[in-house]
Amino acid sequence: MQDPSKRLNTTDHSRDSAGLTYVYPVISRRAGGVSIGINLNPNNACNWRCVYCQVPDLKRGTAPRVDLNKLELELRSFLHELIDGDFMQRYVPPEARKIHDIALSGNGEPTSAKEFEQVIELIGHIKKDFDALKDLKLVLITNGSLIYRPSVQTGLKRMAQLNGEVWFKFDRALAEERQRINNTKISLKTIHHHLQIVTSLCPTWLQTCVFQINGEPPSESETDAYLEFIKRLREEELPLQGVLLYGIARPSLQPEAPQLTPVSESWLTAYGEKIKALGLAVRLNP
Ligand code: SF4
């Protein structure tokens, strides 16, 4: 368990803060409580390379084989510690002493794990064994690029039965901007298709990160294209929950870090208002 001198705070997202391979606690400013993080990418590998990514030593690749027994042991013992032990008293400030969610969000793309479906199944079994967790939310934070895989879709279906929610990364609508920000060639057409699939399986939020590069916020052509895409999704009545609109609160650990600065709060608010005007809920997180 974590060194008591290192009280967790809103900026401590270190994956090894509990000394485990897969499970890590986060006091989340987003969540307003303890989020139980599950990191299926202890190898720091992702199929994308976002310039704002906070994963240290990020490399291209996929999740390694998941040791399901180890994950089960870690999750059960950590939940036991949170619910029946003194973890909250020792490490968590009083105002955040509640379990907010279980979040599949790690040092890479969680759906790249071959065992993704089994992981969701396992979380379902474990949740059942803890009365206190019956209504707990299960969040998947994903770049959405692997939604086409049947096993991911089965996992998403199961997630929906477990009070699940998907946060689907969609930062930029123009291909060249996605290449610059996320270092991916995924097309808007594919993203659209993946959104059709994911929203039909599990409640889904879009997750969009905005910031300045060399002092410039996203260009007007980019924001126009983004809003146009949202409008299209609305017209098609895709059942989206809304947009989580983020700034960059924590420093990037990528080489581009010195070029990145937050957009002004007024820029972020104005962008949020434009999205809201299209009829979607927006949660701002500067
Ligand atoms: S998708 Fe997530 S983990 Fe992968 S590079 Fe982007 S921010 Fe990092």
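Order of listing sets the numbers, starting from 1, for every ligand and every atom in it. Just the heavy atoms: all of them, side chains too, but no hydrogens, waters or symmetry mates, feed the values below. Since the model is a prediction, treat every value here as computed from it, not as a measurement.
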Show the atom names and distances, to 0.1 Å, of all donor-acceptor pairs under 3.5 Å that link a side chain in residues 168-177 to residues at least two apart or in another chain.
unit_1: K169; atom_1: NZ; unit_2: Y52; atom_2: OH; d: 2.9
unit_1: D171; atom_1: OD1; unit_2: C209; atom_2: N; d: 2.8
unit_1: D171; atom_1: OD2; unit_2: Y52; atom_2: OH; d: 2.5
unit_1: D171; atom_1: OD2; unit_2: N182; atom_2: ND2; d: 2.9
unit_1: R172; atom_1: NH1; unit_2: C209; atom_2: O; d: 2.8
unit_1: R172; atom_1: NH2; unit_2: C209; atom_2: O; d: 3.4
unit_1: E177; atom_1: OE1; unit_2: R180; atom_2: NH2; d: 3.4
unit_1: E177; atom_1: OE2; unit_2: R180; atom_2: NE; d: 3.4

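Defined by atom type and a distance below 3.5 Å, a donor-acceptor pair is missing between the side-chain atoms of T62 and E109. Judged by distance alone, the side chains of S112 and N47 never bring a donor and an acceptor atom under 3.5 Å apart. Neither side chain, Y271 nor T208, offers a donor N or O lying under 3.5 Å from an acceptor on the other. A donor and an acceptor atom, one from each side chain of E236 and H192, are located under 3.5 Å apart. Side-chain atoms of T21 and K70 form a donor-acceptor pair, as typed in the model, at a separation below 3.5 Å.
With waters left out, the protein N, O or S atoms under 2.8 Å from atom 8 (Fe) of ligand 1 add up to 1.
Remark: minimum distance from atom 2 (Fe) of ligand 1 to any protein heavy atom is reached at K169 CE, 3.9 Å.
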